[in-house]
There are 2 protein chains.
Amino acid sequence: MSTVIALETSDVRFPTSTSLDGSDAMNLDPDYSVAYVRVVTDDADGHEGHGFVFTIGRGNDVQVAGIEALAAHVVGRNVEDLLENMGATWREFVWDSQLRWLGPEKGVMHMAIGAVVNALWDLKAKRASLPLWQLLGRMTPEQIVELVDFRYLTDAMTPEDALDILRQAAPGKAEREAELLASGYPAYTTTPGWLGYSDEKLVRLAKEAVADGFDMIKLKVGGNLEDDIRRMRLAREAVGPDIRIGTDANQRWGVAEAIEWMSHLAEFDVAWIEEPTSPDDILAHAAIARGVHPIPVATGEHMANRIMFKQFLQADALQVLQIDATRVGGVNENIAIMLMAAKFGVPVCPHAGGVGLCEAVQHLSMFDFVAISGTTEGRVIEFVDHLHEHFVTPVVMRNGAYQAPTAPGAGTEMYAASRAEFAYQAQARTVDA
Amino acid sequence: MSTVIALETSDVRFPTSTSLDGSDAMNLDPDYSVAYVRVVTDDADGHEGHGFVFTIGRGNDVQVAGIEALAAHVVGRNVEDLLENMGATWREFVWDSQLRWLGPEKGVMHMAIGAVVNALWDLKAKRASLPLWQLLGRMTPEQIVELVDFRYLTDAMTPEDALDILRQAAPGKAEREAELLASGYPAYTTTPGWLGYSDEKLVRLAKEAVADGFDMIKLKVGGNLEDDIRRMRLAREAVGPDIRIGTDANQRWGVAEAIEWMSHLAEFDVAWIEEPTSPDDILAHAAIARGVHPIPVATGEHMANRIMFKQFLQADALQVLQIDATRVGGVNENIAIMLMAAKFGVPVCPHAGGVGLCEAVQHLSMFDFVAISGTTEGRVIEFVDHLHEHFVTPVVMRNGAYQAPTAPGAGTEMYAASRAEFAYQAQARTVDA
């Protein structure tokens with residue numbers, strides 16, 4: 001029996017805007033940041049749960065306030081009660097009737113829930129001495145289904161549907177675990193493609209990506225059509241015909257503009273067009289998908305919750321589904337989303353980059369491979385090479401693949417020294433028991 | 001030339017959970033609250049802009065933090081610059097690339113923008129010595145279209161479409177202003193229908209509503225089917241066959257359950273079924289609308305933004321559109337939504353109640369009548385009779401109708417004494433210039 005004795009938050013911001021890392025058509029000057037949460041218990045094992053929401057600067061304090069609003073659900077609680085039935089814990093947070101009003105299930109409050117849920121999963125995995133992907137992968141189909149809230153989902157996927165998917169994947173689990181430990185999970189890189197980079201830097205980084213073993217790179221588009229055509233041509237020349245090149249418009253367009261713009265880029269053999277318009281616009285994405293066919297539409301990093309993902313799948317509005325580790329309500333909701341993707345036969349290719357998103361989301365894709373989809377065919381995790389040094393268990397890339405983490409936990413723990421060095425406000429605020 | 005010298009916030013909470021006012025199938029024990037903002041200038045006229053976000057208790061502090069994150073866009077700014085082109089001001093707030101990440105355009109950060117936008121409209125109306133509905137109603141079609149951000153809307157409504165609607169309504173404006181000043185705008189009341197009330201209280205309040213001149217009441221449903229059938233029967237007996245009775249499930253159901261449940265209530269002649277499922281679920285609402293036909297589906301109070309409303313209209317997923325004064329990005333975004341409703345021929349019947357929502361939203365419906373739809377046919381504003389005494393210009397109801405406000409401003413100013421008496425934290429926090 002142990003008790004949660006503190007939920008500590010911190011507002012951590014890296015001054016990335018000075019280098020234009022992360023610049024795209026909508027996000028001109030991001031300061032990559034995290035609203036961070038640390039869950040401390042009185043257990044003699046000393047394990048802590050760490051989680052965060054990634055933001056791009058201003059408003060990170062609002063996100064921290066959202067996390068603090070959940071302290072009453074966590075501090076003073078029995079640790080085993082919280083961790084034993086993570087499905088019930090998720091529901092308790094999401095269905096707090098007063099906090100729910102602030103969404104429902106979207107924006108600051110829902111992301112805050114995700115951070116705390118992820119911190120609890122980090123703690124649970126550490127206590128089990130397993131990396132999160134293995135902890136999840138070794139749960140039974142029945143246990144996994146228990147994690148998912150099927151309210152609002154059953155017109156697309158019932159608990160029985162989810163059980164069928166999980167049971168079908170069950171036989172090969174051990175082999176797939178071994179395969180991940182041997183070879184890792186395929187990645188693609190966005191490092192060459194930021195809008196703020198010069199042509200020379202784009203070409204150099206694109207060539208480096210191929211040399212590093214990546215089979216796919218991605219370019220930001222949507223700022224200026226002439227520039228996009230020139231940059232796509234340069235990139236295609238740099239990498240040759242066999243490397244896939246994705247494009248990402250970061251919500252820049254409406255329907256007609258997206259279709260028109262992409263017609264000019266199609267000749268460069270585009271792997272996908274990502275976020276062509278508002279992440280809330282299911283019907284527009286469906287229209288764009290029809291208009292840019294056969295280029296697949298990819299989206300998800302800004303999608304608020306499983307209910308939105310459900311409709312994108314129902315409407316064939318995306319052909320590549322991009323989960324994000326800190327946008328929705330944490331691990332549980334991403335499992336719901338990955339199960340629906342499997343039901344609809346759509347590949348999951350996570351969004352990553354930012355701060356710690358690579359470290360976190362790799363566990364979800366690896367779990368997807370082990371226990372849900374059973375394949376990496378057509379699947380890649382985004383990779384961006386910055387800020388990994390601040391994490392206790394940073395990602396390990398080899399031959400363009402994420403190497404399977406073996407350290408216990410969810411990968412979400414940042415060094416205390418980094419949190420302190422880049423603390424935006426004077427000190428961490430703590431809600432004690 | 002004057003300058004904004006302070007943006008003051010306060011966390012105001014009324015302990016309504018003790019009386020179960022406002023209880024429904026999803027919100028069992030709300031403490032009606034506002035995250036309040038007051039914009040102070042150095043102008044000799046002494047006018048202030050007041051706005052707020054309505055919440056139901058816990059998390060109101062998070063909402064306050066969201067509002068404070070906008071201080072840098074307001075404090076120290078030239079008042080005339082901010083107010084002269086409110087379309088540009090709205091865009092500046094919504095397209096702050098870093099704050100945008102926290103939505104985009106949804107949840108805490110978007111509602112915070114709405115509060116500040118509404119406070120600026122309150123200030124602008126006070127400076128013009130006009131109630132907001134008249135200030136808006138007297139703007140030209142071109143000026144009104146300038147207030148709207150058409151990004152992501154043009155596949156459903158172009159600026160030209162909006163101009164056509166406004167120009168068509170222009171000729172009768174003066175007559176309709178006079179009509180509102182003489183007779184007000186029709187209302188319905190939810191006061192009898194909260195789930196926490198006894199049968200006796202329900203019957204008594206339903207009869208009182210009819211005696212007070214209301215043509216429509218609304219009952220909360222979705223807790224227990226037997227109870228709902230009994231309460232609907234009692235209500236129908238109490239009000240007779242000529243009074244409309246709406247129902248409101250507050251997001252309780254999935255598709256199949258909504259259709260099944262409503263089949264048991266249809267015999268009581270239901271005016272509409274409100275919020276049958278998740279406010280994010282366009283496709284589910286469309287399926288429910290087909291399944292419960294001819295009962296109309298009403299929704300909107302939890303809808304995050306104009307992009308969601310657009311799709312609900314495109315998919316015929318609602319037949320009654322319920323704007324809320326503080327859920328979306330303020331007056332500007334609600335104008336976009338009302339224009340789309342007109343384009344699709346759907347009546348706007350605002351959500352109100354809470355704290356100050358009646359005071360605020362009446363201006364929008366009256367503007368809709370004067371300058372957009374030109375009719376009150378099939379249109380009613382919700383009315384709930386509590387907490388009005390805290391507002392400087394409380395709503396005036398007569399014969400079941402909102403009487404047109406004549407005081408300058410947006411109706412959103414709460415007495416300083418009320419803000420102080422119900423302040424949740426010790427004192428208001430101020431961000432000074």
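Every chain is numbered from 1, with letters handed out A, B, ... down the list of sequences. Keep in mind that what you see is a predicted model, and the values were worked out from it rather than measured.
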Would you name the heavy atoms of Ser97(A) and Ile56(B) that are closest together and state the gap between them? O-CD1, 3.3 Å

Taking the side chain as everything from C-beta on, heavy atoms only, tell me whether Gln63(B) gets closer than 4.5 Å to Val108(A). no

Against chain A, label Pro279(B) side chain, backbone, both or neither, depending on which of its atoms sit under 4.5 Å from a heavy atom there. side chain

Between Ala304(A) and Lys106(B), the two heavy atoms sitting closest are CB-CD, 3.9 Å

Side chain, backbone, both or neither: which part of Phe150(B) has a non-hydrogen atom closer than 4.5 Å to chain A? neither

Give me the atom names and distance for the closest heavy-atom approach of His302(B) to Pro104(A). CD2-CD, 3.7 Å

Under 4.5 Å from a heavy atom of chain A, the part of Leu102(B) involved: both

If you count heavy-atom pairs within less than 4.5 Å of chain B, which of Lys310(A), Glu105(A), Met109(A), Glu257(A) leads? Lys310(A)

Residue Asp155(B) versus chain A: region with a heavy atom under 4.5 Å: side chain

Judged by atom type as modelled, is there a donor-acceptor pair below 3.5 Å linking the side chain of Gln311(A) to the main-chain atoms of Ala284(B)? no

With only heavy atoms counted, which part of Ile282(A) is less than 4.5 Å from chain B, the side chain, the backbone, both or neither? both

So for Leu70(B), is it side chain, backbone, both, or neither that comes closer than 4.5 Å to the heavy atoms of chain A? neither

Chain A interface, residue from Asn60(B), Leu153(B), Asp96(B) that has the most non-hydrogen pairs under 4.5 Å: Asp96(B)

Need one label for Thr277(B): side chain, backbone, both or neither, based on atoms under 4.5 Å from any heavy atom in chain A. both

To the nearest 0.5 Å, what is the distance between CG on Asp280(B) and CZ on Phe309(A)? 12.5 Å

Most contact-rich option vs chain B, by heavy-atom pairs under 4.5 angstrom, among Ser278(A), Gly107(A), Ala287(A), is Ser278(A)

Under a 4.5 Å heavy-atom cut-off, does chain A meet the side chain of Asn305(B), its backbone, both or neither? side chain

Min side-chain heavy-atom separation Val62(A)-Glu68(B) under 4.5 Å: no

A side-chain contact here means heavy atoms from C-beta on lying under 4.5 Å apart; do Asp31(B) and Gln98(A) qualify? yes

If I take atom CH2 from residue Trp253(B) and atom OG1 from residue Thr154(A), how far apart are they, to the nearest 0.5 angstrom? 14.5 Å

Check the pair Gln251(A), Tyr152(B) against side chain to side chain contact (heavy atoms under 4.5 Å, CB included), reporting the backbone distance first and the verdict last. CA-CA 9 Å; Gln251(A) 315 169 24; Tyr152(B) 307 139; 3.4 Å; yes

Any side-chain heavy atom of Met308(B) sitting closer than 4.5 Å to one from Met308(A)? yes

Would you call the rings of His351(A) and Trp101(B) parallel, tilted or perpendicular, where under 30° means parallel and over 60° means perpendicular? tilted

